[in-house]
Asks: 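Mind having a look at this structure? Questions to follow.
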There are 2 protein chains.
Amino acid sequence: MEQLYGYRWNTSRNSHSYMNHSQTLIRLAIADDHQIVIDGLCAALKNFSHISISATGTDGNALLQSISEKPIDILLTDVMMPHIGGVELALEVKKKYPEVKIIALSMSGSGTLVEEMMGKAAIEGYLLKHCGIEELILAIEKVHAGGQYFQTTVLDELSKHLQLKKQTSDIRLTQREKEIISLMEKGCSNKEIAEGLFISVRTVETHRKNIFRKTGTNTVLTLVKWAYEHKIL
Amino acid sequence: MEQLYGYRWNTSRNSHSYMNHSQTLIRLAIADDHQIVIDGLCAALKNFSHISISATGTDGNALLQSISEKPIDILLTDVMMPHIGGVELALEVKKKYPEVKIIALSMSGSGTLVEEMMGKAAIEGYLLKHCGIEELILAIEKVHAGGQYFQTTVLDELSKHLQLKKQTSDIRLTQREKEIISLMEKGCSNKEIAEGLFISVRTVETHRKNIFRKTGTNTVLTLVKWAYEHKIL
DNA sequence: TATAAAATACCCTGAAGAGGGTATTATTTG
DNA sequence: CAAATAATACCCTCTTCAGGGTATTTTATA
């Protein structure tokens with residue numbers, strides 16, 4: 001537990017040798033909606049002379065502006081951010097600057113987000129904030145060298161999520177059915193739904209029946225829970 | 001937007017004068033379940049010579065162990081942490097070392113947590129991670145000087161929460177009623193609830209009726225939503 | 001101990017829902 | 001164009017539930 005005392009990265013930097021791998025300067029941009037995280041990362045990365053921070057920003061727009069003026073090699077970005085989320089930012093950066101590598105640094109590692117970041121934006125790395133600075137450096141170096149770095153826990157979450165998604169996609173709810181589910185979620189009765197959609201109560205009853213059958217539920221409550229779990233709502 | 005470039009705290013430290021206030025050494029402990037945040041904070045705080053980091057930990061137990069060996073003045077702790085949460089940690093620290101001041105550094109600032117930290121553990125400060133390093137330093141100095149530091153947004157959230165709580169406390173649900181709500185939330189029918197609690201269906205119906213009346217709801221779904229909002233579930 | 005609050009139980013009514021059908025009319029897709 | 005899918009609509013039955021009562025016993029609490 002010697003790590004817990006003093007300046008952790010000092011001791012660890014002395015006992016490791018990150019800086020031997022490549023001495024080319026890596027120009028980094030950091031996006032995180034928490035200023036304290038940016039400040040902290042900057043301070044921590046200052047100790048590694050082969051990494052320079054070219055831009056930081058607490059929101060996507062500011063960061064996009066910055067990197068349009070100053071080129072970067074790698075973007076290190078949070079995923080859940082207000083206004084412009086990590087996914088949109090990554091997409092935009094990949095579109096404008098295809099040569100820029102992107103590493104996500106997120107709290108959650110929720111399957112949905114990971115899938116979006118990897119599937120839509122084709123990022124090169126995904127780290128959880130639980131990781132230490134050493135692992136971050138490792139990831140940056142690996143990605144900069146043309147590789148990838150994905151934490152195993154992240155990949156596990158992703159595969160779990162994809163599996164759940166596959167199960168859900170087997171259950172094919174129609175657009176109308178989803179519409180009706182969302183009205184049921186709001187607490188509407190069959191009559192109210194019928195009035196809202198300008199259709200007969202009988203039709204709503206049929207849809208309702210089909211929905212329950214497809215989802216394997218039999219009350220509004222369990223259905224709504226199912227819908228939340230499967231991201232219908 | 002000049003802040004976005006380079007090492008932000010460098011420029012700002014030059015243009016401010018944090019270190020003029022008190023030159024007594026402040027011994028700080030940091031608890032955060034994200035190692036990267038700890039690493040970052042340590043690196044950032046290293047630039048302030050009147051603050052020394054005596055202990056860090058990604059969970060409460062490790063940190064308690066550390067500070068039992070090395071005295072501290074201020075504990076800077078995250079609130080939502082696995083195993084031992086910020087509230088428990090703060091309580092324990094305040095109990096064992098009443099002279100230690102505590103500042104919470106949290107993501108959420110959700111009213112419930114703020115209330116617990118302030119009400120139960122009587123902490124001296126509460127910051128959101130959106131804040132920058134300057135504000136953190138300010139808070140540390142203020143608290144160390146015997147004062148308090150609570151961000152206005154945090155206080156706003158708290159008062160909103162206390163107001164909601166007051167409204168809820170006017171609605172007095174009995175223990176049995178809460179029990180029945182939680183069974184309703186699980187999707188149980190009146191019959192199932194009656195069997196589960198070894199009481200008559202009639203009794204369940206009565207409770208149900210009283211619950212709906214008290215909460216102003218009239219379906220299971222709206223009731224369950226109400227219960228979530230008011231933290232009954 | 002007196003009183004209030006909580007938990008128990010029953011009755012009745014009408015509306016709504018769950019579950020079982022069948023069937024016609026778009027609309028999409030191979 | 002033919003076949004499949006989606007959306008529409010109706011019928012019937014039986015159960016459950018919401019909402020309106022009243023009333024007894026147990027448990028706190030003043």
Side-chain angles (χ1 to χ4, degrees), chain A residues 164-233, chain B residues 164-233:
Chain A
L164 180 69
K165 204 183 166 190
K166 199 180 163 296
Q167 285 173 8
T168 312
S169 76
D170 291 344
I171 298 166
R172 299 151 59 83
L173 289 172
T174 68
Q175 208 49 49
R176 200 57 157 173
E177 285 165 348
K178 286 178 190 169
E179 211 176 339
I180 285 169
I181 290 177
S182 96
L183 287 170
M184 289 169 80
E185 187 269 342
K186 286 187 181 64
C188 296
S189 67
N190 287 356
K191 198 179 164 191
E192 288 167 331
I193 294 172
E195 282 163 2
L197 298 178
F198 304 106
I199 55 177
S200 156
V201 178
R202 307 293 177 181
T203 310
V204 178
E205 280 170 359
T206 304
H207 283 307
R208 205 183 177 103
K209 196 166 40 178
N210 292 333
I211 292 166
F212 282 135
R213 185 175 40 72
K214 285 182 183 178
T215 59
T217 56
N218 65 344
T219 64
V220 179
L221 189 66
T222 51
L223 168 66
V224 168
K225 283 183 173 182
W226 182 95
Y228 275 118
E229 267 170 32
H230 292 76
K231 317 267 171 29
I232 305 291
L233 293 174
Chain B
L164 181 68
K165 204 184 165 188
K166 199 181 165 297
Q167 286 172 7
T168 313
S169 77
D170 290 344
I171 298 166
R172 300 150 61 83
L173 289 172
T174 68
Q175 207 49 50
R176 199 57 155 176
E177 285 166 348
K178 287 178 189 168
E179 212 176 340
I180 284 168
I181 290 176
S182 96
L183 288 170
M184 288 170 81
E185 187 268 344
K186 285 187 181 66
C188 297
S189 67
N190 287 356
K191 199 180 165 191
E192 288 168 331
I193 294 171
E195 282 163 2
L197 298 179
F198 304 107
I199 56 176
S200 157
V201 177
R202 307 294 176 181
T203 309
V204 178
E205 279 170 359
T206 303
H207 283 307
R208 204 180 179 106
K209 195 167 40 180
N210 293 332
I211 291 166
F212 282 134
R213 185 176 39 73
K214 286 182 182 178
T215 59
T217 56
N218 65 343
T219 65
V220 179
L221 189 68
T222 51
L223 169 66
V224 168
K225 284 184 174 182
W226 183 94
Y228 275 117
E229 267 170 32
H230 292 77
K231 319 268 173 17
I232 305 289
L233 292 173

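Letters A, B, ... mirror the listed sequences (proteins, then strands); counts begin at 1.
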Asks: Using atom types as modelled and distance alone, determine if a side-chain donor or acceptor of A:Lys214 lies under 3.5 Å from a backbone N or O of A:Arg172.
Replies: yes

Asks: Has the side chain of A:Glu229 got a donor or acceptor atom that lies under 3.5 Å from a matching backbone atom of A:Trp226?
Replies: no

Asks: Rounded to whole angstroms, how far apart are CD1 on B:Ile199 and P on C:dA7?
Replies: 10 Å

Asks: For B:Asn210 and C:dT8, give me the distance from atom CG to atom P, rounded to whole Å.
Replies: 12 Å

Asks: In whole Å, what is the span from the CG atom of A:Leu221 to the P atom of C:dA18?
Replies: 11 Å

Asks: Using a cut-off of 4.0 Å on non-hydrogen atoms, how would the nucleic acid contact of B:Thr203 be classed: base, sugar-phosphate, or nothing?
Replies: base

Asks: Measure from CG on A:Asn218 to C1' on C:dA18 and round the result to the nearest Å.
Replies: 8 Å

Asks: Between B:Lys191 and A:Glu177, which has a closest nucleotide on DNA chain D that is more 5'?
Replies: A:Glu177

Asks: Any side-chain heavy-atom pair from B:Ile193 and B:His207 closer than 4.5 angstrom?
Replies: no

Asks: Regarding A:Thr219, tell me which of base, sugar-phosphate or nothing describes its non-hydrogen contacts under 4.0 Å with the strands shown.
Replies: sugar-phosphate

Asks: Look at the side chain of B:Thr217 and the backbone N and O of B:Thr219, then say whether any donor-acceptor pair between them is shorter than 3.5 Å.
Replies: no

Asks: Mapping A:Lys209 and B:Thr217 onto DNA chain D by nearest heavy atom, which one lands closer to the 5' end?
Replies: A:Lys209

Asks: Would you indicate what A:Ser200 reaches in the nucleic acid, counting non-hydrogen atoms under 4.0 angstrom: base, sugar-phosphate, or nothing?
Replies: sugar-phosphate

Asks: Just call it for B:Val220: base, sugar-phosphate, or nothing, with non-hydrogen atoms closer than 4.0 Å on any strand.
Replies: sugar-phosphate

Asks: Starting from P on C:dT8, measure out to CD on B:Glu195 and report it in whole angstrom.
Replies: 16 Å

Asks: What is the distance, rounded to the nearest whole Å, between atom CD of A:Glu205 and atom P of C:dG20?
Replies: 14 Å

Asks: Please give, in whole Å, the distance from C:dA7 C1' to B:Ile211 CD1?
Replies: 12 Å

Asks: Would you grab the first and last nucleotide of DNA chain D (5' to 3') that comes under 4.0 Å of any non-hydrogen atom in chain A?
Replies: D:dA6 to D:dC10

Asks: CG of B:Leu173 versus P of C:dA7: gap in Å, rounded?
Replies: 10 Å

Asks: Answer yes if the side chains of B:Thr206 and B:Thr203 hold a donor-acceptor pair under 3.5 Å, and no otherwise.
Replies: no

Asks: If you pin B:Thr174 and B:Thr206 to their nearest nucleotides in DNA chain C, which one's is more 5'?
Replies: B:Thr174

Asks: Between A:Lys186 and A:Glu192, is there a salt bridge with N-O shorter than 4.0 Å?
Replies: no

Asks: Got a donor-acceptor contact below 3.5 angstrom from the A:Lys225 side chain to the B:Glu185 backbone?
Replies: yes

